[in-house]
Undergrad: 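To start, I am sharing the structure in question, which I have written as structure tokens.
Atoms within each ligand, like the ligands themselves, are counted from 1 in listed order.
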Amino acid sequence: MDCLVAGANFLLKAVRQEAFTYIDGVKEFVQIDHNDLYPYLLVNIGSGVSMIKVDGDGLFERVSGTSIGGGTFWGLGNLLTKCKSFDELLELSHRGNHRVIDMLVGDIYGGMDYSKVGLPSRAIASSFGKAISEDKELDDYKPEDIARSLLRMISNNIGQISYLNALRFGLKRIFFGGFFIRGQSYTMDTISVAVNFWSKGEAKAMFLRHEGFLGAMGAFVSYDKQRLDDLLAKESLQLQVSTSPPVDTDYQSPLNGESIENETINCIIHTA
Ligand SMILES: Nc1ncnc2c1ncn2[C@@H]1O[C@H](COP(=O)(O)OP(=O)(O)OP(=O)(O)O)[C@@H](O)[C@H]1O
Ligand SMILES: CC(C)(CO)[C@@H](O)C(=O)NCCC(=O)O
């Protein structure tokens, strides 16, 4: 966890366009003022989910978490859809319709909003709730609809718990990282919507371009920390970041092939 936090702190300080919001398919980079970074909530979505209040370099507390995370999506998705890989499950979820299985507020209130308590008709009243009210077996549902409901359920839940923890500690910023996100638009959109919904528009989810590599980056920078701190202080360090996948893996870039001006392939540290 030390490495995870060190990696997030380093990237947020060293990479010009590291954090971004993702709302309705629109990505907007957020300028981070190095002197006003802390405190923030770091939500790392790996197999499980850790929520960490970060107060400075090496200063952090794991304030919450949930076992319903990336491993749940992959594990339950595997059982329910029989897909063979995580990428196949994600791909399925892109094609699915969650309304087939999720019970919406409108399903309960005759297609209407439940305005009195601020719930729109399209809000999910109960994830997978329709599956109880119909005489259907698992095989009667399309794997893509199951995958979509599952992704939505898990992403919504993480977004909600994250916001409640930010509220609990008065944190203005929530950064989401971890290999579960993988720059996937639907995942990010759902988390953003959840944070927006539960905060009544007060908070915005922010994502990290190098979300899957926070721990590795932290381990790297912690190896010779004093030297890196000196270099950062002198601003003689440039980090060039990848917007393209490494050649020998099937890793999908968080930017889905998009490139950002003047930034190049691979994570290279120049010490000028
Ligand atoms: N190609 C992939 N194969 C398997 N899982 C993937 C893939 N891409 C993304 N994931 C997601 O990443 C999750 C694992 O993330 P990560 O490697 O960060 O977790 P971890 O280090 O095992 O978890 P934790 O932080 O709980 O210790 C998987 O559960 C899955 O949801
Ligand atoms: C157990 C760890 C910290 C391992 O990295 C992670 O998987 C996690 O945060 N799981 C969630 C545990 C919980 O808070 O219920």
Side-chain angles (χ1 to χ4, degrees), residues 1-11 18 22 40-54 60-94 96 127 143-144 146-166 168-169 174-191 194 207-220 222 242 244-257 267:
M1 210 155 282
D2 289 271
C3 290
L4 189 78
V5 174
N9 282 346
F10 176 77
L11 288 165
E18 178 62 26
Y22 194 89
Y40 68 85
L41 187 73
L42 176 63
V43 180
N44 189 64
I45 316 176
S47 300
V49 186
S50 282
M51 292 165 194
I52 306 159
K53 177 173 169 280
V54 183
F60 65 89
E61 184 189 351
R62 185 184 187 278
V63 291
S64 193
T66 167
S67 59
I68 301 171
T72 317
F73 177 62
W74 180 204
L76 209 47
N78 189 29
L79 287 177
L80 293 173
T81 70
K82 308 212 167 25
C83 67
K84 294 278 169 283
S85 70
F86 180 86
D87 284 356
E88 194 187 327
L89 182 63
L90 257 188
E91 206 272 316
L92 275 178
S93 75
H94 290 182
S127 292
E144 48 267 46
I146 295 174
R148 186 111 177 170
S149 285
L150 191 58
L151 183 59
R152 211 119 184 214
M153 179 179 82
I154 290 164
S155 304
N156 263 334
N157 192 52
I158 294 169
Q160 178 180 4
I161 300 175
S162 302
Y163 170 65
L164 291 175
N165 274 288
R168 184 175 155 213
F169 294 100
I174 313 174
F175 296 106
F176 289 86
F179 204 47
F180 168 71
I181 300 175
R182 289 268 304 273
Q184 290 298 329
S185 49
Y186 190 63
T187 311
M188 293 192 295
D189 229 16
T190 312
I191 292 174
F207 302 93
L208 301 175
R209 276 173 67 199
H210 300 91
E211 89 275 265
F213 305 104
L214 303 183
M217 182 52 88
F220 178 64
S222 305
S242 169
S244 302
V247 254
D248 57 349
T249 76
D250 58 1
Y251 171 70
Q252 183 179 351
S253 157
L255 296 179
N256 294 326
C267 196

Undergrad: Between Gln184 and His94, which heavy-atom pair has the shortest distance, and what is it?
TA: OE1-CE1, 3.1 Å

Undergrad: For the residue pair Arg182 and Phe179, would you count it as a cation-pi contact if the rule is NZ or CZ under 6.0 angstrom from the ring centre and within 45 degrees of the ring axis?
TA: yes

Undergrad: For ligand 1, is any non-hydrogen atom under 4.0 Å from Phe180's backbone (N, CA, C, O), its side chain (CB onward), both, or neither?
TA: both

Undergrad: Using a 3.5 Å cut-off on N or O atoms only, is Gly48 in polar contact with ligand 1?
TA: yes

Undergrad: Just the distances, no angles: every ligand 2 N or O to protein N or O pair closer than 3.5 Å, one line each.
TA:
unit_1, atom_1, unit_2, atom_2, d
ligand 2, 9 (O), Val49, O, 3.2
ligand 2, 9 (O), Ser50, OG, 2.7
ligand 2, 9 (O), Arg62, NH2, 2.7
ligand 2, 14 (O), Arg62, NH2, 2.9

Undergrad: Looking at Trp74, is its backbone amide N or carbonyl O close enough to the side chain of Asn78 to form a donor-acceptor pair, meaning the two atoms are under 3.5 Å apart?
TA: no

Undergrad: The criterion is ring-ring contact (aromatic ring centres under 6.0 Å, His included); which residues satisfy it with Tyr40, sequence neighbours excluded?
TA: Phe175

Undergrad: Out of curiosity, Ile154 CD1 to Phe180 CZ, how far, rounded to the nearest 0.5 Å?
TA: 6.0 Å

Undergrad: Which ligand 1 atoms, with their elements, are less than 4.0 angstrom from a heavy-atom of Arg182?
TA: 1 (N), 2 (C), 7 (C), 8 (N), 9 (C)

Undergrad: Output yes when the distance from some N or O of ligand 1 to some N or O of Gly71 is under 3.5 Å, and no in every other case.
TA: yes

Undergrad: Pick, from Trp74, Phe213, Phe179, the option with the minimum heavy-atom distance to atom 18 (O) of ligand 1.
TA: Phe179

Undergrad: For the CG atom of Asn157 and the OG1 atom of Thr190, what is their distance to the nearest 0.5 Å?
TA: 12.5 Å

Undergrad: Should Leu42 and Asn9 count as side-chain neighbours, where that means a heavy-atom distance under 4.5 Å?
TA: no

Undergrad: Considering distance alone, does some N or O of Gly70 sit under 3.5 Å from an N or O of ligand 1?
TA: yes

Undergrad: So how far is it from Glu211 CD to Glu18 CD, rounded to the nearest 0.5 Å?
TA: 9.0 Å

Undergrad: Thr72 side chain to Ser67 main-chain N or O, any donor-acceptor pair under 3.5 Å?
TA: yes

Undergrad: Which residue from Gly46, Gly177, Ser47 reaches closest to atom 22 (O) of ligand 1 through any of its heavy atoms?
TA: Ser47

